[in-house]
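Everything numeric in this text was worked out from a predicted model, so none of it was measured. Note that the numbering runs from 1 along the sequence shown for the chain.
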Amino acid sequence: MPATRMARELGRVVVANIIMLGYLCAVSDLISPDALKKSVLSTVPRGTEEFNVRAFELGYSYGQEEGGRANEPST
């Protein structure tokens, strides 16, 4: 997972961890995306919420492309 490179492309290496959380969420069934986003939003500095959600979603999208979501509902 190229989280550091992706964070650099967003403009802030510090969000690599948020990218990794999105990735982990996409490839596991540990926690729902909504619950993890809510947790991230409750801990990031005020004014950076949108940026951190973008980082989370970038990692989540990468995880879906690379491995899919383990807890997607089956149809």
| Okay, side chain of Glu49, backbone of Gly47: is any donor-acceptor separation there less than 3.5 Å? | yes

| request: Determine yes or no for a side-chain-to-main-chain donor-acceptor pair under 3.5 angstrom, with Thr48 supplying the side chain and Phe51 the backbone. | output: no

| task | Rounded to the nearest 0.5 Å, what's the gap from OG on Ser39 to CG on Leu21? Could you check? | result | 8.0 Å

| Separation between CG of Leu10 and CZ of Arg5, rounded to the nearest 0.5 Å | 10.5 Å

| Could you walk me through whether Arg54 and Glu50 pass the salt bridge (Lys or Arg N to Asp or Glu O under 4.0 Å) check? | CA-CA 6 Å; Arg54 221 173 349 157; Glu50 186 177 319; 5.2 Å; no

hydrophobic_cluster_shared for [Y] and [X], side chain cutoff 4.5 Å:
X	Y	value
Phe56	Leu41	no
Val14	Leu58	yes
Val13	Ile18	no

| said: Just to verify, which of Met6, Glu57, Met20 counts as forming a side chain to side chain contact (heavy atoms under 4.5 Å, CB included) with Tyr62? | reply: Met6

| said: Any non-hydrogen side-chain atom of Val40 less than 4.5 Å from a side-chain atom of Val53? | reply: no

| query | Taking the side chain as C-beta and beyond, is there a heavy-atom pair between Asn52 and Val15 under 4.5 Å? | reply | yes

